Amino acid sequence: MLDGKHIILGITGGIAAYKSAMLARLLIKAGAEVQVVMTPSAKEFITPVTMSALTGKPVVSEFFTANTGEWHSHVDLGLWADAMVIAPATACTIGKMANGVADNMLVTTYLSAKAPVFVAPAMDLDMMAHPSTTANIDKLRSYGNHIIEPASGELASHLTGKGRMQEPEVIVAELEKFFAESQSLKGKKVLVTAGPTYEKIDPVRFIGNYSTGKMGYAIAEEAAARGAEVTLVSGPVAIKAKHPAITVIDVESAKQMLAECQAAFPHADIAVMCAAVADYAPAEPADRKIKREKQEIPTITLVKNPDIAATLGAQKKPGQILIGFALETDNEMTNALEKLRRKNLDMIALNSLRTPGAGFGTDTNVLTLIKADGSESQLPLMSKRDAAARLLDAISPAK
Ligand code: PMT
């Protein structure tokens with residue numbers, strides 16, 4: 001998986017920098033081309049000579065070569081890379097990365113990198129547990145960076161706790177897994193719905209719900225990162241899709257969402273219905289603002305909206321995979337199973353508003369994945385992006 005890949009290995013100033021030599025060797029053994037970028041203080045822990053001898057490339061550390069004035073382009077480096085790995089990543093560098101403090105070659109390269117970035121923190125347990133470190137790591141995660149969680153064990157301080165940089169073998173395995181996954185939906189077309197629908201009452205009011213689109217957009221991003229061509233039919237949300245392989249179709253009402261899904265579904269290999277579709281819409285939206293000054297309180301007659309997932313379920317062809325979500329507040333499992341069957345889904349992802357950290361608006365979710373064959377897997381609390389990854393893992397051919 002790493003054969004021919006261009007990897008930037010960023011090394012910062014921590015004791016674990018000695019492990020970077022082994023990491024470079026393993027990456028090269030796996031067929032990768034490695035360019036080391038070191039912070040000035042990293043050179044106190046491992047020499048550039050060691051790293052350039054191992055990688056066969058001069059180490060980049062300063063913006064210029066002092067005696068020749070040669071400029072080292074962090075932009076070119078960022079574009080060259082298929083992945084950037086920062087190992088070890090100190091609390092200082094993590095803080096700079098999280099806040100765009102571009103005062104060295106490593107951070108400027110990071111800010112220019114278009115490729116996926118992997119961060120392997122290494123520090124003392126109290127530094128690791130400090131709220132500023134955890135907030136910075138969360139920020140990096142929210143930028144789409146991959147955090148390789150440190151292990152627990154004896155630290156340089158002789159204290160024991162979480163903060164040991166992962167072993168080079170583990171880091172290489174993470175990279176291999178990432179590149180394997182990035183191919184897993186190559187050539188596939190994926191349809192995703194996300195966000196709420198707005199059902200018009202009059203020109204200024206609507207019936208809607210609290211969906212922010214975070215879960216659906218995470219699924220679209222993850223599918224695109226795995227090589228799929230993604231059509232994202234989105235209700236009104238404040239977030240934007242990032243991956244170039246995602247085509248966003250903006251809609252407002254359930255009827256519009258249904259029309260776009262029906263157009264895309266015949267070409268889709270996989271469809272994930274994550275939108276929180278309003279079940280009812282005003283029968284006759286007013287064409288002018290309903291005035292408060294009117295004597296009587298207006299009655300709004302509602303009609304049932306189309307069920308998009310059930311409509312696609314009825315049209316599903318052999319080989320197509322249709323996944324739904326169930327958002328429940330009670331009788332969670334019974335309701336989810338009923339929806340799985342009635343809508344002819346292959347899998348349903350149950351999330352409950354009773355579970356802290358799950359459902360609307362949060363950056364995390366807690367999903368139970370239930371397949372049509374009755375098998376089920378309960379996922380712990382995790383970021384919506386990780387939950388999206390586990391959901392797509394569950395339908396990949398190997399699972
Ligand atoms: O957007 P976020 O803020 O990140 O929140 C994420 C989420 C809570 C919206 C998401 O995780 C979620 O649960 N989405 C489904 C919400 C929902 O409408 O659940 P439901 O149980 O009412 O619907 C069951 C399934 O049928 C869903 O796949 C839904 O998309 C689909 N449906 C529902 C009604 C309808 N008229 N048409 C549909 O297709």
Side-chain angles (χ1 to χ4, degrees), residues 97-100 111 114 117 135-145 190-225 228-261 264 271-282 285 289 305 308-309 323-327 329 349 351-353 355-367 381-389 391-392:
M97 289 164 67
N99 296 289
L111 292 175
K114 295 254 185 285
V117 177
N136 285 332
I137 288 178
D138 284 348
K139 252 192 186 179
L140 293 186
R141 245 192 220 107
S142 76
Y143 302 154
N145 299 158
V190 176
L191 166 66
V192 181
T193 66
T197 63
Y198 285 0
E199 312 298 334
K200 214 175 220 170
I201 296 171
D202 68 13
V204 299
R205 305 177 181 94
F206 59 84
I207 295 176
N209 59 65
Y210 296 112
S211 173
T212 57
K214 285 181 182 175
M215 188 68 240
Y217 275 63
I219 293 167
E221 295 289 348
E222 184 62 29
E229 202 182 301
V230 180
T231 302
L232 174 58
V233 183
S234 174
V237 295
I239 53 177
K240 296 247 171 298
K242 296 188 191 111
H243 200 290
I246 302 174
T247 303
V248 181
I249 301 176
D250 291 311
V251 296
E252 196 171 287
S253 67
K255 276 192 185 148
Q256 290 167 352
M257 189 173 271
L258 174 67
E260 296 298 344
C261 285
V272 187
M273 305 284 100
C274 188
V277 184
D279 284 314
Y280 301 97
K289 186 178 176 187
N305 260 337
I308 302 167
I323 302 170
F325 268 72
L327 178 64
T329 56
N351 46 185
S352 171
L353 285 182
T355 311
F360 289 131
T362 50
D363 291 323
T364 53
N365 212 347
V366 180
L367 297 180
L381 177 76
M382 60 179 75
S383 69
K384 281 187 171 162
R385 182 61 186 259
D386 286 346
L391 180 143
L392 293 175

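From a predicted model like this one, the values you see are computed outputs, not experimental measurements.
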Visitor: Between Ala245 and Ala228, which heavy-atom pair has the shortest distance, and what is it?
Guide: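 Of all heavy-atom pairs spanning Ala245 and Ala228, the closest is CB-O, 3.6 Å.
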
Visitor: Hey, does the side chain of Lys384 reach the backbone of Thr362 with a donor-acceptor pair shorter than 3.5 angstrom?
Guide: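 Flag set: sc Lys384 to bb Thr362 pair under 3.5 Å.
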
Visitor: Would you check if there is a donor-acceptor pair between the side chains of Lys139 and Asn99 at a distance under 3.5 Å?
Guide: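 There is such a pair (donor and acceptor under 3.5 Å, judged by atom type) between the side chains of Asn99 and Lys139.
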
Visitor: With a 4.5 Å cut-off on side-chain heavy atoms, are Val230 and His243 touching?
Guide: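 Side-chain contact under 4.5 Å: no.
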
Visitor: Show, in sequence, the C-alpha distance, side-chain angles and deciding distance for Cys261 and Thr193, and conclude whether the side-chain contact (heavy atoms from CB on, under 4.5 Å) test is met.
Guide: CA-CA 8 Å; Cys261 285; Thr193 66; 3.4 Å; yes

Visitor: Which value, rounded to the nearest 0.5 Å, describes the distance between Asp386 atom CG and Leu381 atom CG?
Guide: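 Going from CG on Asp386 over to CG on Leu381, the span is 10.5 Å.
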
Visitor: Which atoms form the tightest heavy-atom contact between Glu221 and Lys242, and what is the distance?
Guide: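 Glu221 and Lys242 have their closest heavy atoms at OE2-N, 2.5 Å.
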
Visitor: I'd like to check Asp250 versus Val248 (side-chain heavy atoms, cut-off strictly below 4.5 Å). Are they in contact?
Guide: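 Yes; the side chains approach each other to less than 4.5 Å.
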
Visitor: Val192 and side-chain contact (heavy atoms from CB on, under 4.5 Å): which partner among Val233, Ile323, Ile219?
Guide: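 Answer to the side-chain contact (heavy atoms from CB on, under 4.5 Å) test with Val192 among Val233, Ile323, Ile219: Ile219.
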
Visitor: Could you label the plane-to-plane angle of the Phe360 and Tyr210 rings as parallel, tilted or perpendicular, counting under 30° as parallel and over 60° as perpendicular?
Guide: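 If you compare the ring of Phe360 with that of Tyr210, the planes turn out perpendicular.
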
Visitor: Measure across Ala358 and Val366 and return the closest heavy-atom pair with its distance rounded to 0.1 Å.
Guide: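 Closest approach of Ala358 to Val366: CB-N, 3.8 Å.
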
Visitor: Taking the side chain as everything from C-beta on, heavy atoms only, tell me whether Phe206 gets closer than 4.5 Å to Ser253.
Guide: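 No, side chains not in contact.
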
Visitor: Output the distance between atom CG (Leu140) and atom CE (Met97), rounded to the nearest 0.5 Å.
Guide: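 If I round to the nearest 0.5 Å, the distance is 5.0 Å.
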
Visitor: Are more than 12 heavy atoms from other residues, nucleotides or ligands located less than 6.0 Å from atom OH of Tyr280?
Guide: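 Open.
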
Visitor: If I take atom NZ from residue Lys200 and atom CZ from residue Arg205, how far apart are they, to the nearest 0.5 angstrom?
Guide: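 Answer for the NZ-CZ pair, Lys200 versus Arg205, is 13.0 Å.
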
Visitor: Would you check if Leu367 and Phe325 make a side-chain contact, meaning some heavy-atom pair closer than 4.5 Å?
Guide: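 Side-chain contact under 4.5 Å: yes.
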
